[in-house]
2 protein chains.
Amino acid sequence: MTEHTPRRTTRQRTTISEFLAHAGDFRTAQQIHEQLRAGGDGVGLATVYRTLQSMAESGEVDVVRTADGESAYRRCATSDHHHHLVCRGCGRTEEITAKAVEAWAATIAAQHHFTDVTHDVELYGLCATCGLERR
Amino acid sequence: MTEHTPRRTTRQRTTISEFLAHAGDFRTAQQIHEQLRAGGDGVGLATVYRTLQSMAESGEVDVVRTADGESAYRRCATSDHHHHLVCRGCGRTEEITAKAVEAWAATIAAQHHFTDVTHDVELYGLCATCGLERR
DNA sequence: ATTCACATGATAATCATTCTCATGAAGATG
DNA sequence: CATCTTCATGAGAATGATTATCATGTGAAT
C-alpha cells in the first residue's frame, strides 16, 4: 500500500516506458507483459504492475478503467490535466481538454460546499472508422 | 454475457431493492451480501451480483467504481441521466444533473467524428463536515 | 572493488466476480 | 387446486486481475 516512487533507472523501467511511447493508445498490464515477452525484452508481470503504478503516481501515464474493470495505461502526450475520448471499437484514444468542464466542476463543488474536489471524466463512443463497420 | 432482464418477482429481488432504498449511499455487492446475511434475510452472493447487474441495466440503480476497482451500487433518486458528487470522507453522495456537460460531451464527440457516445462523470471531494475535520 | 539498499521475478496468495448445475419457486394453465 | 414449464436461486468451483512474498540480482555511491 505504501508504494514509493522508484529512484533507480533499470532496463525494465526503460523498456516499459518506451513500449508505451510507441503504443499510441491504452494498454493493460497484461498486454504489456505479454507483448514485451513476445518481443524478447521480457519483464516480470509483477514488475510491470509495480512500474505502471509508480508511473501513474508520478503522472507519467494516464489510467483508465475498462468496462470489465481492468486498468489500462497510456503515456500522456501532455502532463497537464486532461480527459479522454475512447473508442469502444478499436481503443483509439483522443486526449481532450475542457476548461468548460473544469469550471463546471468547480461551480458544482462550491454549490454543495465540497472542497478539495477532483473529477473523473471519460467519454466513450465509436470512432469514424468503427462507426461505419457497425452497419 | 447475455444477461436478461429478470421477469419474476422474488423475495431476493425485493430484499435487495429495499435494502438499497434504505441505505442512502453506495454499497458494494459484498457489503450487501454480508449485511443482508447478518440481518437474517440472507441472499446468495451470486444472486446479489446477478440482481445488481440487472438493476443497473434497467437503470434502477447507479454504478460507481471505487478507487480499488470494486463496483458500488446505489438506488437512484431519479431515473434520469445524472452524475455524482461523492465525499471521500464519509461517502455521502449528491446527485447532480448538468445540461452543460451533456452538451459539451456531444460537441466533443462531433468534433472528433465519434458516434454513439456515452460518458462517465464523477466528482470526488470533501463535504462540508469532513472538510472541517481535516484541520 | 565493495557494499547495500532498492529492484526484480517466479510463484503463491488474495479477492471480486462469474460460471455451473442441481434444486426451488413464480406464474400460467387446465 | 394440481400440475407443469420456465426462470431464479445458491453453494461451491472456476476465473482472472492484482498484490504479496522472498530469495536473488543489480544500480550507484563510497
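Residue numbers begin at 1 in each chain, while the letters A, B, ... track the order of the sequences. As the structure is a computational prediction, the values presented were derived from the model and not from experiment.
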Practice problem: Round to a whole Å and report the spacing from CG of B/Leu52 to C1' of D/dT9. | Solution: 15 Å

Quiz item: Is it true that a side-chain atom of A/Ser17 and a backbone atom of A/Arg13 form a donor plus acceptor pair closer than 3.5 Å?
Solution: no

Quiz item: Which heavy atom in A/Cys90 sits nearest to a heavy atom in A/Cys127, and how many Å separate them?
Solution: SG-SG, 3.9 Å

Practice problem: Would you mind reading off the distance between A/His33 atom NE2 and C/dG9 atom P, rounded to a whole angstrom? | Solution: 9 Å

Practice problem: Apply side-chain contact (heavy atoms from CB on, under 4.5 Å) to B/Val64 and list each qualifying residue two or more places apart in sequence or on a separate chain. | Solution: B/Phe26, B/His84, B/Glu122, B/Tyr124

Quiz item: For B/Glu70 and D/dT18, what is the distance between atoms CD and P respectively, to the nearest whole Å?
Solution: 14 Å

Quiz item: When you check every protein heavy atom under 4.0 Å of nucleotides 25-30 of chain D, what one-letter string (B, S, -) results, 5' to 3'?
Solution: -BBS--

Quiz item: Within this structure, what is the CD-to-P distance between A/Gln12 and C/dA10, rounded to whole angstrom?
Solution: 10 Å

Quiz item: Which of residues 14-27 of chain A sit near DNA chain C, with a heavy atom under 4.0 Å from it?
Solution: none

Below 3.5 Å, can you tabulate the donor-acceptor pairs from side chains in residues 31-45 of chain A to any protein atom, sequence neighbours excluded?
unit_1	atom_1	unit_2	atom_2	d
A/Gln31	OE1	A/Thr28	N	2.9
A/Gln35	OE1	A/Arg27	NH1	3.4

Exercise. Whole angstrom is fine here: how far is it from CD in A/Glu34 over to C1' in C/dG9?
Key: 17 Å

Self-check item: Under 3.5 Å: donor-acceptor pair, side chain of A/Arg88, backbone of B/Val117
Solution: no

Quiz item: Under the side-chain contact (heavy atoms from CB on, under 4.5 Å) test, which residues partner A/Thr97, sequence neighbours left out?
Solution: A/His82

Quiz item: To the nearest Å, how far apart are B/Gln31 CD and C/dC15 P?
Solution: 15 Å

Exercise. Measure from CD on A/Gln30 to P on D/dG16 and round the result to the nearest Å.
Key: 10 Å

Self-check item: A/Ile32 CD1 to C/dT8 C1', straight-line distance once rounded to whole Å
Solution: 17 Å

Quiz item: Are any side-chain N or O atoms of B/Ser58 and backbone N or O atoms of B/Met55, one a donor and one an acceptor, separated by less than 3.5 Å?
Solution: yes

Quiz prompt | Pairs satisfying salt bridge (Lys or Arg N to Asp or Glu O under 4.0 Å), at least one member in residues 60-80 of chain A, at least two apart | solution = A/Arg74-A/Glu95

